[in-house]
Amino acid sequence: MPCPQEGVYIIVTEAQKKAAAKYNREKMVQRVVRFSPNERDLLAHLDAQPNKAGYLKALIRADMEKNNL
């Protein structure tokens, strides 16, 4: 699997893939956000962020802090 920052290949075994899939299935939670054509500006702004998940989490944390949660 190529590492885009360094151009280095990392060998991942089938067991590692299986373990990662199991971990993700059992421990992680995923949400989907849909954008309408009228919200292209929002999508463009999100797409411009290098770390989309980190950006969204920071916004949520700031909102939680603002609302004393």
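Every value quoted in this text rests on a predicted model; they were computed, and no experiment measured them.
Here the side chains of Lys18 and Glu14 are not in contact, with every heavy-atom distance at 4.5 Å or above.
Met64 and Leu56 end up in different hydrophobic clusters when Ile, Leu, Val, Met, Phe, Trp and Tyr side chains are linked at under 4.5 Å. Residues Val33 and Leu42 fall within the same hydrophobic cluster, defined by Ile, Leu, Val, Met, Phe, Trp and Tyr side chains chained together at heavy-atom separations under 4.5 Å. Hydrophobic cluster membership differs between Leu46 and Ile60, with clusters built from Ile, Leu, Val, Met, Phe, Trp and Tyr side chains linked at under 4.5 angstrom.
In Glu65, the CD atom is not crowded: 12 or fewer heavy atoms of neighbouring residues, nucleotides or ligands sit closer than 6.0 Å.
The backbone N or O of Asp63 lies less than 3.5 Å from a partner atom in the side chain of Asn67, making a donor-acceptor pair.
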* Could you go step by step and tell me if Lys57 and Arg61 meet the side chain to side chain contact (heavy atoms under 4.5 Å, CB included) rule? -> CA-CA 6 Å; Lys57 290 175 186 178; Arg61 285 187 179 103; 3.5 Å; yes

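Heavy-atom minimum distance, Glu39 versus Arg34: OE1-O, 4.1 Å. Of all non-hydrogen atoms in Lys17 and Val12, the two that sit nearest each other are CG-CG1, 3.6 Å. Looking at every heavy atom in both residues, Gln49 comes nearest to Lys52 through O-NZ, 3.0 Å.
Other members of the hydrophobic cluster containing Tyr23, listed by chain and number, are Met28; membership follows side-chain contacts under 4.5 Å among ILVMFWY residues, whether direct or relayed.
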